[in-house]
Number of protein chains: 2
Amino acid sequence: MDAKKVPDIIIGRLPVYLRTLRHLKEQGAHTTSSLELSRLVDVSAAQIRKDLSQFGEFGKQGTGYNIAFLIEKLLEILNIERVWDVALIGAGDVGHALAHYQGFVNSGFRISMIFDNDPVKIKQQIGLLSVQDASRMVEVIRSAGIKIAMLTVPASAAQEVTDKLVEAGITAILNYSPISLNVPQGVQIQNIDPAVGLQRMTYYLV
Amino acid sequence: MDAKKVPDIIIGRLPVYLRTLRHLKEQGAHTTSSLELSRLVDVSAAQIRKDLSQFGEFGKQGTGYNIAFLIEKLLEILNIERVWDVALIGAGDVGHALAHYQGFVNSGFRISMIFDNDPVKIKQQIGLLSVQDASRMVEVIRSAGIKIAMLTVPASAAQEVTDKLVEAGITAILNYSPISLNVPQGVQIQNIDPAVGLQRMTYYLV
DNA sequence: TAGATTGTTAATCGATTAACAATC
DNA sequence: TAGATTGTTAATCGATTAACAATC
């Protein structure tokens, strides 16, 4: 039971640190510093040190951080030493792209089931998986004990499907539907909407 | 020349308000309130009012906000009354999904060119567009005057391609590559990395 | 040792909330 | 009129930065 609650904004930066540390490691580096990381991730060095210090003393004065060690620590903190099974809901274009996405390798996640309600898509093979009938989704997810879902259904269906996912025991949803989902407290949501990302940038254009 | 600079964190919420207002409008509503919006987007009513008040007085005491009017205002503020041409770089799975994505309709964006460096993909047809040779990218983007790019190339190529995009005059990049890009000041970046989204949530799981 | 860099404190800066007068 | 809801102010809360003693 750690006393202090770590702000979510800090948690959100940790995966970016992790990604960058792995990148450095691939390039053969063994050690880095808050200053070097700062240049790579566009967060101030002081903030990186402060963020990491929430969880322990991972560095050494004078030398900085051992990259392999810090990666290990971040994996522990983020709960991704293990591999999480993920349910993918929606076998459209975005669902297919996620199913084939190589970036999940070593990220701590594996898509282990895919659902759709379109009879044409059900039974279709995507990679090693076969698309399952969404009508059995709650049952299958619950009995597999899956906690994480990626949602790539149309906006019109998203809330309804989300309610079912919650019913099935899902507690984290990566939401690709362009709509704000309503979930009970304790269920995590991360939204990915390309239009929102683009619109946020055009404010600054001319 | 508006005096006060509006914080980016506020700008980031505006597209979500816009999305929600359009949703309400589709459902036939004409008027809404900060309280109703608050329940829909998970931002406090006070904050919604404060955010909007940065740009003008759009509501009426007692009745709230006219939805159509507020949508118009947000389109103006976000600079998306017009349609922006967007260059898509990378014709892999994610690039294909974006090229076929229906969610850009009325969002203010249109993919108008696609590039890849893979000879097998060049000349391929994706929807109405034909994949162009990345070697001509800088020239083509610059002469078309395109300012916005979506980047879906592998991490290993992302920084190099980004440098070329900047050279071509791109000032806003929606980055799907799992890497932090380095760009000169004034170039906007929004990052979309599903692994980062998922890892941020697993911190809270068990 | 001298130089480098951490972890942490205190100061600053910025964002959110609560409250309410104004007014539709 | 009475009820509802805005826009805004002041208070609170939280996040970032600057600075530096500790120490590798």
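Letters go in sequence order (proteins before strands), and every chain restarts at 1.
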Seminar exercise, completed: Its dot-bracket string being built from Watson-Crick and G-U pairs below 3.5 Å, with | for another strand and [ ] for crossing, DNA chain D has the pattern ..||||||||||||||||||||||
Exercise. Side chains of Leu198(A) and Phe104(B): closer than 4.5 Å at any heavy-atom pair?
Worked result: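 Yes, at least one pair of side-chain atoms sits under 4.5 Å.
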Exercise. Below 4.5 Å, heavy atoms only, C-beta onward: do Leu37(B) and Leu24(B) meet side chain to side chain?
Worked result: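 They are in contact (side-chain heavy atoms under 4.5 Å apart), so the answer is yes.
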For this session: Verify the neighbour count for atom CG of Asp8(B): are there more than 12 heavy atoms of other residues, nucleotides or ligands below 6.0 Å?
Result: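 Atom CG in Asp8(B) is crowded, with more than 12 foreign heavy atoms closer than 6.0 Å.
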For this session: Tell me, yes or no, whether the heavy-atom count around Asp118(A) atom CG, taken from other residues, nucleotides or ligands under 6.0 Å, exceeds 12.
Result: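 For Asp118(A), atom CG is crowded (more than 12 foreign heavy atoms under 6.0 Å).
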Set of residues satisfying side-chain contact (heavy atoms from CB on, under 4.5 Å) with respect to [X], sequence neighbours excluded:
X         : answer
Lys73(A)  : Phe58(A), Phe69(A), Glu76(A)
Ser135(B) : Asp133(B)
Asn191(A) : Asn175(A), Ile189(A)

Determine yes or no for a side-chain-to-main-chain donor-acceptor pair under 3.5 angstrom, with [X] supplying the side chain and [Y] the backbone.
X         : Y         : value
Gln132(A) : Met137(A) : no
Arg13(B)  : Ile48(B)  : no
Thr152(B) : Tyr176(B) : no

Seminar exercise, completed: Heavy-atom contacts, protein to nucleotides 2-14 of chain C, under 4.0 Å, summarised as B (base), S (sugar-phosphate only) or - (none) per nt, yield --BBBBBB-----
Problem set entry | Any residue of residues 8-27 of chain A with a heavy atom less than 4.0 Å from an atom of DNA chain D |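 Under 4.0 Å from DNA chain D: Ile9(A), Arg13(A).
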